[in-house]
Amino acid sequence: MGEVTKNGTKITILGAGNVGASIAYAFAIAGTCSELVLVDIAKDKAEGEAMDIRQGTSFCHPVNIYDGDYEDAAGSDIVIVTLGRARKPGQSRIDLAQSNVDIIKSVIPGIAKAAPDAVYVVVSNPVDILTYTILKCTSLSPSQVIGTGTLLDTARLRSLLADKVNLSPQSVHGYVFGEHGDTSMIPWSLAAIGGMQMSEYCKAHEYNNEALNEAALEEMVVDVRKAGAEVIQRKGATFYAIALSVNRICQAILGDEKAVLPVSTLINDRYGISDVCFSLPCVVGGNGVEREVNPPLLPEEIEKLKQSADALKAVLSGLNFD
């Protein structure tokens with residue numbers, strides 16, 4: 001893939017289920033793109049979703065939204081991948097692995113030939129496994145394939161942390177790294193509040209130590225990991241928050257923002273880890289992943305990151321990519 005700054009505004013969404021339709025709706029409201037194609041094996045569903053959004057576009061930004069076939073992905077700046085089965089209550093993301101890997105293998109190589117210069121944003125779960133799968137079954141470059149990864153986990157973390165200190169999430173900064181799943185980790189050494197290290201902020205403001213003591217931080221780790229499952233248990237699926245996360249990534253690509261986002265990409269010798277896809281900070285712009293950002297981590301944080309990588313590699317070793 002050459003150096004391509006995204007001046008066009010065409011996005012194709014593969015899959016018009018709850019997640020794909022919610023992403024399309026988010027794009028329409030935000031004015032993210034001017035052309036939007038919904039593709040689904042259930043053609044009536046894709047057509048209906050496109051019609052439903054199109055009928056309301058006089059109240060928001062203009063967008064040419066329609067349903068199409070795989071070949072209609074040609075010329076796309078971005079292809080969103082929401083293909084596959086969704087998680088059911090009580091099911092882990094990893095439980096979905098082989099069936100969704102098979103779906104990706106059957107569809108994405110043809111899409112990649114139709115849209116070889118697009119940036120691919122992977123949403124389907126297990127997102128880290130499927131991001132890796134797309135790189136294995138196509139000739140797309142690693143910079144072109146971005147999993148949503150822990151971007152949503154990071155948003156959930158900022159919200160939880162902000163509640164603890166009674167501030168806006170925009171004034172709280174922190175990351176979730178690693179797998180989008182049960183082995184994710186939070187590098188607390190990077191957490192900052194109001195421009196200060198978290199520990200320094202709490203000390204300077206004589207903050208209630210119980211709000212952010214070791215037990216409270218560990219509880220936040222658990223809460224972030226199970227947040228999606230909690231929603232699924234109550235309403236059967238998650239789609240609004242992930243739609244907003246996808247929109248954030250696509251705005252960074254189409255606007256060539258050079259935004260630092262924790263997204264899932266192919267890791268090659270970062271913190272001693274290689275040959276796995278999971279989330280670390282990346283500079284996201286018009287060409288997809290443009291640079292890596294490797295903040296200093298404590299030894300124990302690097303160890304947790306390696307454990308997350310090992311857990312994903314164990315799953316990858318049991319999958320069939322041929």
Side-chain angles (χ1 to χ4, degrees), residues 1 11-21 23-24 37-43 45-46 68-74 76 78-88 91-152 179-181 228 237-239 242-243 245-246 249-250 263-267 275-279 288-289 312-322:
M1 180 185 177
I11 298 179
T12 295
I13 300 176
L14 304 179
N18 285 333
V19 173
I23 292 169
V37 188
L38 295 180
V39 180
D40 198 293
I41 193 169
K43 291 185 67 63
K45 179 70 160 64
D69 297 313
Y70 292 137
E71 57 265 26
D72 292 310
S76 295
I78 299 172
V79 174
I80 310 292
V81 182
T82 75
L83 301 170
R85 296 175 176 85
R87 265 204 304 167
K88 297 176 182 177
Q91 188 178 36
S92 77
R93 295 179 181 91
I94 298 301
D95 290 338
L96 296 170
Q98 188 64 61
S99 62
N100 281 356
V101 163
D102 292 342
I103 292 169
I104 293 296
K105 289 189 303 183
S106 68
V107 173
I108 298 299
I111 300 290
K113 289 179 180 177
D117 294 324
V119 176
Y120 288 70
V121 178
V122 188
V123 186
S124 309
N125 277 312
V127 65
D128 303 297
I129 301 295
L130 299 185
T131 302
Y132 187 88
T133 302
I134 289 176
L135 289 169
K136 292 283 283 187
C137 71
T138 70
S139 59
L140 296 170
S141 73
S143 65
Q144 286 177 266
V145 184
I146 303 173
T148 51
T150 59
L151 181 60
L152 177 53
E179 177 202 359
H180 176 52
T238 63
F239 36 92
I242 188 60
S245 301
V246 172
I249 294 170
C250 292
V263 290
S264 186
T265 58
L266 183 65
I267 304 301
D275 196 32
V276 69
C277 288
F278 70 6
S279 293
V289 174
L312 282 167
K313 287 183 177 182
V315 176
L316 289 171
S317 68
L319 295 174
N320 178 17
F321 294 105
D322 298 329

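One-based numbering along the sequence shown. Predicted model only: the values in this text are computed from it and were never measured.
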For this session: Check Val81, Val145, Val79, Ile103 against Ile108 for a side-chain contact (heavy atoms from CB on, under 4.5 Å) and give me the one that passes.
Result: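 Of Val81, Val145, Val79, Ile103, side-chain contact (heavy atoms from CB on, under 4.5 Å) with Ile108 is met by Val81 alone.
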Indicate yes or no: at least one non-hydrogen side-chain atom of [X] is less than 4.5 angstrom from one of [Y].
{"X": "Asp128", "Y": "Val276", "result": "no"}
{"X": "Asn320", "Y": "Val101", "result": "no"}
{"X": "Ile104", "Y": "Ile134", "result": "yes"}
{"X": "Asn125", "Y": "Leu130", "result": "no"}
{"X": "Cys277", "Y": "Leu135", "result": "yes"}
{"X": "Tyr70", "Y": "Thr12", "result": "no"}
{"X": "Leu83", "Y": "Asn100", "result": "no"}

Quick one: closest heavy-atom pair of [X] and [Y], and the distance?
{"X": "Ala115", "Y": "Ala73", "answer": "CB-O, 3.5 Å"}
{"X": "Ala118", "Y": "Ser76", "answer": "CB-O, 3.3 Å"}
{"X": "Asn18", "Y": "Ala237", "answer": "ND2-CB, 4.2 Å"}
{"X": "Ser279", "Y": "Gly149", "answer": "OG-CA, 3.2 Å"}
{"X": "Leu38", "Y": "Ala24", "answer": "CD2-CB, 3.9 Å"}
{"X": "Ser143", "Y": "Ser141", "answer": "OG-OG, 2.9 Å"}

Distance in Å, [X] [atom1] paired with [Y] [atom2], rounded so as to fall on 0.5 Å steps:
{"X": "His180", "Y": "Leu152", "atom1": "NE2", "atom2": "CG", "result": "6.0 Å"}
{"X": "Glu179", "Y": "Ser264", "atom1": "CD", "atom2": "OG", "result": "9.5 Å"}
{"X": "Ile80", "Y": "Ile11", "atom1": "CD1", "atom2": "CD1", "result": "5.5 Å"}
{"X": "Ile146", "Y": "Thr265", "atom1": "CD1", "atom2": "OG1", "result": "8.0 Å"}
{"X": "Ile23", "Y": "Ile249", "atom1": "CD1", "atom2": "CD1", "result": "9.5 Å"}
{"X": "Thr82", "Y": "Leu14", "atom1": "OG1", "atom2": "CG", "result": "7.0 Å"}

Set of residues satisfying side chain to side chain donor-acceptor pair (under 3.5 Å) with respect to [X], sequence neighbours excluded:
{"X": "Lys43", "answer": "Asp69"}
{"X": "Thr133", "answer": "none"}
{"X": "Thr131", "answer": "none"}

Exercise. Which residue pairs pass the salt bridge (charged side-chain N to carboxylate O under 4.0 Å, His left out) test when at least one of the two sits in residues 101-110, sequence neighbours left out?
Worked result: Asp102-Lys105
For this session: For residues 112-134, pull every pair meeting ring pair (Phe, Tyr, Trp, His ring centres under 6.0 Å), keeping only residues two or more places apart or in separate chains.
Result: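 Counting only pairs at least two positions apart or across chains, the ring pair (Phe, Tyr, Trp, His ring centres under 6.0 Å) contacts touching residues 112-134 are Tyr132-Phe321.
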Exercise. Crowded around Lys313 NZ? As in, over 12 foreign heavy atoms under 6.0 Å?
Worked result: yes
Exercise. Can you name the side chain to side chain contact (heavy atoms under 4.5 Å, CB included) partners of Ala42, sequence neighbours left out?
Worked result: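 Ala42 satisfies side chain to side chain contact (heavy atoms under 4.5 Å, CB included) with Asp40, Lys45 only.
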